Each structure stands twice: as C-alpha cells, then as structure tokens.
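For reference, the structure is listed below as structure tokens.
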Amino acid sequence: MDPLTWTGSLSALNPVLFGLAALFALAVIVQIVSSLFLSDAAVAFGTDGVAIGPGGLYGASERAVRWLFLAIVALLVIYLVAGAILPRGPGGIIGAAARRFIPVGIALVVTFALSVTFKRKLGLYGKLFDSTIGMIGFAMVMFWVYTALFSDMIVANDVLSQIGQMKNKAPGTPVPDGTGWYLFGGDHLGRDVFSRMVKGSQIVIEIAPLATVFAFMVGITLGLPAGYYGGRLDTVLSFLANLILAFPVILLFYLLVTPEIVTTGLPQFMAVVLFLFPLIFLMVLLDSRFYVQPARRNLMIAAVVLIGGWLYLSLISTPDTRVSFLPQAIDLFDVPSNILIVFVSVVFVNSPTVFRIVRGITLDIKTRDYVSAAQTRGERPWYIMLWEILPNARGPLIVDFCLRIGYTTILLGTLGFFGLGLSPESPDWGSTINAGRKLLTIAPHPAIVPALALMSLVLGLNLLADGLREESLKD
Amino acid sequence: MLKFLLRRLLTMLLTALCLTFIVFYLTNLPPNLEKVAKSELGARISDAEVESWLQKYGYDRPLLVRYGEWLGVAPGWTGEDQGVSIGRCFDRGADPAAASRYCGILQGRWGFSTVFKDHVGTIIGTRLTLTGILMFWVMVMMVPIALLIGILAGMREGSKLDRSLSTFSIITSATPEYVSGVVLIVVFTSSMVGLKWFKGTATSAMDGATFDNFFLPVLTVALYGIGYIARMTRASMTEVMTAQYIRTARLKGVSFRNVVVKHALRNALIAPFTVIMLQFPWLLNGVVITETLFNYKGFGWTLVSAAGNNDIQLLLGCSVVAVFVVLVTQLISDIGYVFLNPRIRIS
C-alpha cells in the first residue's frame with residue numbers, strides 16, 4: 001500500500017484553501033487597522049439617506065471577513081465529508097481520520113440539531129446557542145467527550161501493540177501487514193499515535209470533570225460556612241486554603257505522588273477525607289430542605305447514606321493497600337491505585353481556589369435583602385446557605401466550573417509530563433508528550449498530536465466558559 | 001498600616017513554618033529514609049542494617065526535634081560511627097567541641113546534597129541566578145506585551161480589535177507550557193518544518209544567553225502569562241472606561257487618545273499589578289516545566305532532579321526558596337495595592 005498524503009485526491013482544493021486563508025488574514029488586518037483610524041465616519045447611507053450599515057473600507061473589510069470565513073468553513077467541511085465518503089486511500093489522512101470519527105460527527109450533529117431546535121426551553125444551556133464563541137467551545141468540548149465515549153469504535157490499532165518497522169514513521173505510513181495505516185504516524189516504540197490520542201482523551205474525560213466536581217463539593221461545603229459565619233472559622237479555613245495555595249503545585253505533586261509516599265498510604269487517607277465531602281454536602285442539602293417533613297427526610301438521608309456510603313467505601317477501599325477493609329464481594333469497583341492518587345492530588349490542589357471563590361461570593365450575597373428576609377423568617381443557617389445563597393451564586397460558579405475543568409486537564413497533563421502517577425505506557429496526553437519530547441527534532445508528530453489535542457480541549461472549555469459568562473450576564 | 005504589616009508578616013511567618021514542616025514531614029517519611037540508607041549502604045542491605053544506620057545517623061529521633069535541628073533552633077545531633085565522631089554540624093572525624101552547636105537554615109547551613117555532592121546553599125545560589133536571568137527576560141517580554149494587549153482590547157469593548165486580541169489571549173491562556181514549548185520547538189527548530197531559526201535546547205544559554213538559544217524558553221514561559229494578564233487588564237480597562245469620569249472627560253471634549261492615556265490608564269493598571277505579582281507562583285510552575293523541556297539547568301530543573309532522586313536536603317532547600325518567593329510576592333502585591341489605590345484604607 002502507498003503512504004497517504006494529508007489531503008489525498010482532494011489536494012486540488014489546497015491552493016484554494018491557502019488562498020482563502022491568506023485573503024481572510026488580510027481582511028482581518030485591514031478591518032482592525034481601519035477600525036482604529038476611520039472609526040466613526042465609515043457609515044454607508046442608502047438612497048433615502050438612511051444609514052444601512054458600515055461603509056467604506058471598514059464595511060467592505062467586514063463583509064469580506066464574514067464571507068471568507070464562511071467559505072473557509074465550507075471548504076473544511078468538504079474536506080471532512082468528502083474524505084469520510086471517499087474510500088480510504090484517495091481521502092488522504094484527513095479523510096481517513098474523518099472516516100474514523102464518523103460516530104462522533106453523527107453524535108455532534110444530533111446534539112446540535114436537538115439543542116438549537118429546543119434552545120428556548122433549555123435555560124442557560126439553551127442560551128449558549130445564541131453565542132458563536134460559546135457554540136464553538138461547546139463543539140470542541142463535545143467532540144472530545146464523544147471521542148472518549150466512542151473511543152473503542154474510533155481507534156484504528158491497539159494502543160499498546162508495537163510494530164518494530166513503524167518506529168518514528170511519518171503520518172500516513174501503511175502498516176507492514178497491509179491492514180491499514182498509522183494515520184498520525186508511529187511513536188518511538190512503533191505504536192499508533194492516532195489511536196493513542198483517541199484513547200488518551202478517555203482518561204482525561206473520565207478524570208477531569210469528576211475531579212472538578214469533587215473539588216467543588218469540598219470548596220462549597222467549606223466555603224459557604226466560612227463566608228456566612230465569618231469569625232474564627234473563616235480565619236482558620238482561609239489560613240489553611242492559603243497554605244495549600246502557597247505550595248508550588250509541582251512540588252506538591254512530587255511530594256504526594258512518588259512511590260515512597262504512596263506506600264505509606266498518605267494519599268489514600270487524603271482520599272478518605274476528601275471523598276467524604278460530597279456525602280456531607282448531599283446530606284446537609286437534603287436535611288436543610290426537608291427537615292420540616294421528617295418522614296420524607298429520613299427516607300432520603302437513608303438512601304444517600306446507603307447508596308453514597310457504599311460508593312464511597314468502594315471507591316476508597318483498594319485491595320493490597322493501606323486502606324482496604326471492604327470484602328471483595330461487596331466492593332463495587334476498584335479504581336487502580338495510581339489513578340486514585342492522581343485524582344486525589346488534583347482535587348486537593350483545586351479545592352482551595354474553589355473555597356476562596358465560594359467564600360467571596362457568599363460574603364457578597366449574604367448582605368442581600370432576600371437573605372435578611374430568610375433570616376427574619378427564622379430559617380436555619382444551612383437552609384439559607386444552600387437554598388438561598390448557593391442558587392444565586394450559580395452563574396459565576398458554572399463559569400468557573402468550565403474553566404476549572406480546563407485547568408484540571410492542564411494539571412493532569414503536567415503530572416503526565418513529569419511521569420508522575422500514571423504508568424508510562426498509559427496513552428494519556430501528558431505522558432505521551434513526555435515520551436515524544438526527547439525526539440522532537442527528528443519525529444515531532446508523537447508529541448505534537450497529543451499536545452494539540454490537549455490544547456483544543458482546554459481552549460474549548462475556555463471558550464465555553466466565555467460564552468456562558470456572556471449569556472449569563474445578559475439576564 | 002503598621003499593624004496591618006505586622007499582622008501580615010506574622011501570618012507569613014506562620015505559613016512558612018507550616019509549609020516547611022509539611023515538606024519536612026513528607027520528605028522524612030520512613031520509606032524515604034529507608035531509601036536514603038539504601039543509597040548510602042547499597043540496595044541489598046537487611047532491614048536491621050537499615051534500622052541501625054538510621055539510628056546511627058540520628059534519624060530515629062522525634063520528627064519535631066529533627067525539624068528544629070534543620071531549622072537551627074535545636075542543637076545538632078552528635079554520635080559515633082566506628083569510633084569516629086559524626087554529627088550534623090561538623091565534618092566526619094572533626095572535633096565536636098569546636099563546632100557550633102546549632103546549624104540549620106537560620107544559621108545559613110542548608111545541608112549537603114546527595115545528588116550533586118555539594119552544599120545546598122551554593123547549588124541553590126547558582127541555580128537561582130540562572131532562573132533569575134530567565135525570569136528577568138520573561139518579565140521584560142511578558143509585562144509590556146500583556147498590558148498593551150489588555151489596554152488595546154479594553155479601550156473599545158466589543159470592537160474588532162478587542163475580539164481579535166481577546167481570542168489571542170484566550171488561546172495563549174489555554175496553552176500550557178508543555179504544549180506551547182513543544183509546538184515552538186517543532187516549528188522553529190526541527191528539520192521537518194525547516195525554519196531552523198532558534199536552538200531547541202537552552203543548555204548553552206547557561207554560559208551565555210544569546211537570542212537564538214534563549215528566545216524560545218522565554219517565549220514559552222511568557223506566552224501563558226500574557227494571556228492571563230491581558231485578560232485581567234482588559235477586564236479592568238473596560239470597567240474604567242465605563243466610569244462616570246471618563247464619560248465626563250469625553251463629553252467635555254477631551255480626545256479619545258488623551259482620555260485613554262491620561263485618565264483611564266492609571267486607574268486601569270492597579271488590578272494588573274496585583275495579578276502580575278500573584279502570577280509568580282504560576283510562573284514558578286511554568287519555569288519548572290520549561291527548564292525541564294529546554295534542559296536549562298536552573299532552579300526548576302534542580303527541584304525536579306532533587307524530587308526525582310530523593311535528595312532530601314536539596315528538596316527542602318528548594319521548597320524554602322519557592323515558598324519564600326510565593327509569600328513575599330503576596331505581601332508585595334497586598335502592600336502595593338494599598339499604595340496604588342488610595343481608596344483602600346486598612347485599619
């Protein structure tokens with residue numbers, strides 16, 4: 001089989017794309033420069049003397065930017081769709097990759113079609129589809145979420161199997177036995193870079209959002225009372241938060257994740273404490289709301305304690321470590337201990353920042369009239385914190401949640417980059433970048449592919465947060 | 001003000017003590033000490049030998065006492081090994097009576113690095129100088145660019161310029177150092193792209209920094225910070241530009257340029273100052289990644305090799321420096337904020 005080129009038989013379109021891109025860049029520059037110098041004068045008037053829009057050089061460049069952008073997007077869609085339809089050879093690498101990502105494409109189209117149709121009924125989520133930035137960010141994030149979900153269908157080759165002849169081979173090299181190609185090339189051990197990138201997304205998508213949820217639970221459970229009560233509690237908790245924040249993150253990771261520390265069971269004891277917070281949070285949440293209906297409350301709390309407690313015990317108890325007390329038979333799942341440790345350290349690093357944000361918002365909101373009204377009504381403090389203050393703090397918290405997932409992704413990458421926690425064979429992006437960086441000048445693709453993947457996910461989350469912030473500020 | 005300063009200094013001291021104690025505790029956990037013993041005596045020694053070695057070298061005493069010794073508030077231990085006197089404060093075989101009783105961080109005795117075979121104080125001194133050079137150029141590059149971007153973007157909110165610059169700052173703040181470093185190395189040094197403008201390592205920059213061996217690491221560290229500081233500056237600038245006094249100035253007929261330069265700029269720069277100062281801990285992080293990636297043997301590289309090789313004394317020294325930098329920048333940012341913003345009065 002022949003090696004694939006990037007665009008295959010669609011390469012006739014390449015000069016058109018490059019031409020359009022150059023024109024687009026030129027138009028953007030013209031627009032920016034002209035907006036600086038001819039700011040207010042450039043308005044075009046219709047025949048009846050009514051202003052119809054920006055005119056002159058600025059107006060022309062604005063129209064050019066819009067149409068050129070649409071043309072470039074259309075061309076890119078042609079590349080992807082045609083590549084996915086064409087047989088694998090002529091579609092080029094992009095086509096072949098698009099073909100592998102067909103399930104993701106279908107899922108994305110369905111998500112967007114449904115969301116845009118019903119966007120008026122979907123609250124803040126629906127409003128996201130009014131902002132271009134938000135939609136682009138959402139698409140990038142969902143792309144990786146669906147990739148993680150369908151990763152078993154997308155991967156072309158096994159992520160661990162090594163083929164000797166494929167070491168550091170360029171993107172598009174066919175596999176020796178003729179079954180396919182290494183779309184994005186082979187790494188220093190002859191493994192498929194494309195498949196490892198796809199599988200790597202799974203690790204990030206599994207850990208980052210969940211770790212952020214846990215960090216938020218810890219931050220909210222401690223930040224609300226610190227802000228609401230103030231006083232000595234606030235002083236102590238803030239001091240502790242500042243203590244953790246003053247720690248250089250990398251030093252903390254090195255101290256927590258090295259094998260010597262792991263054998264002492266310290267990270268697991270931290271897990272025991274940190275993972276308790278979601279349970280406490282849920283119990284206080286339900287108790288404060290339903291304490292006037294004791295029967296219902298008792299039922300709900302019992303359910304939380306039973307189900308949540310079981311999950312909690314299964315999560316923290318891992319056989320053959322310092323924390324293992326649950327019999328195998330009723331242990332629901334075993335998180336590999338190194339994943340658990342990575343998870344714990346990421347939660348630990350993130351929660352003080354969430355604590356500070358929640359505390360700040362609480363300090364601001366507790367002076368509002370509706371809080372005084374609730375206090376006058378005789379509501380209990382926890383009810384006010386969780387059912388009056390927290391819902392009103394949701395805007396900034398949702399925005400920060402998106403940003404923080406991105407930050408957690410960066411932290412996971414950092415851990416992988418220093419070879420901490422995750423096994424060196426694991427296909428996660430940080431470890432792959434770390435493995436590929438030694439040969440950057442000879443074979444850049446093993447490092448650059450996961451690097452760009454990680455960047456696109458974090459960028460998507462940041463854009464999503466920006467879109468959400470814009471839309472949540474509108475009401 | 002004085003009372004505020006005093007309280008801040010006390011909190012700082014307490015924080016530093018707590019943090020160094022945590023690091024001390026974590027690096028002196030039994031498995032770490034066992035590793036030290038094994039690296040001294042060979043990997044195949046029995047548990048009993050480990051035990052006796054630890055006892056002989058004073059590692060079996062309470063943690064708090066050892067922390068006090070390391071800090072320099074408790075007298076250093078002395079002992080005997082095969083008839084030769086050993087101790088914390090003097091070389092093997094020297095006279096214990098002639099040595100000083102206390103020797104810790106406070107006395108300037110930082111200990112001895114097992115990896116580099118040198119005094120921790122000298123190692124940190126040289127490495128910190130190298131990182132200082134890096135940080136200096138990062139600041140020279142990052143601060144003006146970030147402020148310029150933030151001000152240009154914030155002076156006309158929603159304009160095309162604002163959109164383009166904001167997109168740029170979002171992209172850079174979404175790119176961690178290990179991504180931007182890899183991309184920069186590939187684009188500017190590899191034979192695949194063909195632009196061999198710069199060098200892919202900064203090892204030679206340790207002897208003499210030139211543009212082509214030092215630009216890429218500086219850019220890598222600066223890029224991430226640029227995005228963040230620019231976004232903060234933009235937010236502060238847009239807030240100032242909607243203020244009443246700016247509108248008054250505009251209505252009075254002051255030109256836009258003068259409004260921005262003379263009226264808005266000063267107030268808009270208060271917030272970024274704090275942000276830049278608080279950015280130091282993050283820069284430290286970036287410096288560690290960048291120095292590892294570009295093989296520039298500065299402070300960050302030393303921290304990684306100390307942590308990776310279980311070099312307890314060096315790691316402790318590094319963390320003291322790191323914690324000190326973080327706390328001092330926090331203090332400066334607090335004090336500077338009060339000075340820059342006369343509306344804030346601290347009782």
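The shown structure was predicted, so the numbers you read here are calculated from the model rather than taken from an experiment. Letters go in sequence order (proteins before strands), and every chain restarts at 1.
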Where on [X] is there a heavy atom nearer than 4.5 Å to chain B: the side chain, the backbone, both, or neither?
X: Ser456(A); answer: neither
X: Ile433(A); answer: side chain
X: Leu461(A); answer: neither
X: Asn434(A); answer: neither

Below 4.5 Å from any heavy atom of chain A, which atoms of [X] appear? Answer side chain, backbone, both or neither.
X: Tyr224(B); value: side chain
X: Leu29(B); value: side chain
X: Ser159(B); value: neither

With heavy-atom distances below 4.5 Å as the criterion, would you say the side chains of [X] and [Y] are in contact?
X: Leu293(B); Y: Phe417(A); answer: yes
X: Arg437(A); Y: Thr292(B); answer: yes
X: Asn462(A); Y: Ser173(B); answer: yes
X: Ile22(B); Y: Leu243(A); answer: yes
X: Tyr254(A); Y: Leu26(B); answer: no
X: Val183(B); Y: Leu452(A); answer: yes
X: Gln330(B); Y: Leu245(A); answer: no
X: Thr264(A); Y: Pro31(B); answer: yes

When rounded to the nearest 0.5 angstrom, what distance separates [atom1] in [X] from [atom2] in [Y]?
X: Leu440(A); Y: Ile185(B); atom1: CG; atom2: CD1; result: 5.0 Å
X: Tyr25(B); Y: Leu266(A); atom1: OH; atom2: CG; result: 6.0 Å
X: Ser180(B); Y: Met455(A); atom1: OG; atom2: CE; result: 9.0 Å
X: Ile133(A); Y: Ile170(B); atom1: CD1; atom2: CD1; result: 6.0 Å
X: Cys18(B); Y: Phe239(A); atom1: SG; atom2: CZ; result: 4.0 Å
X: Leu454(A); Y: Tyr178(B); atom1: CG; atom2: OH; result: 4.5 Å

Hey, which of [options] has the most heavy atom pairs under 4.5 Å with chain A?
options: Thr189(B), Ile171(B), Val323(B), Leu284(B); answer: Ile171(B)
options: Val326(B), Leu303(B), Val179(B); answer: Val179(B)
options: Leu14(B), Thr11(B), Leu19(B); answer: Leu19(B)

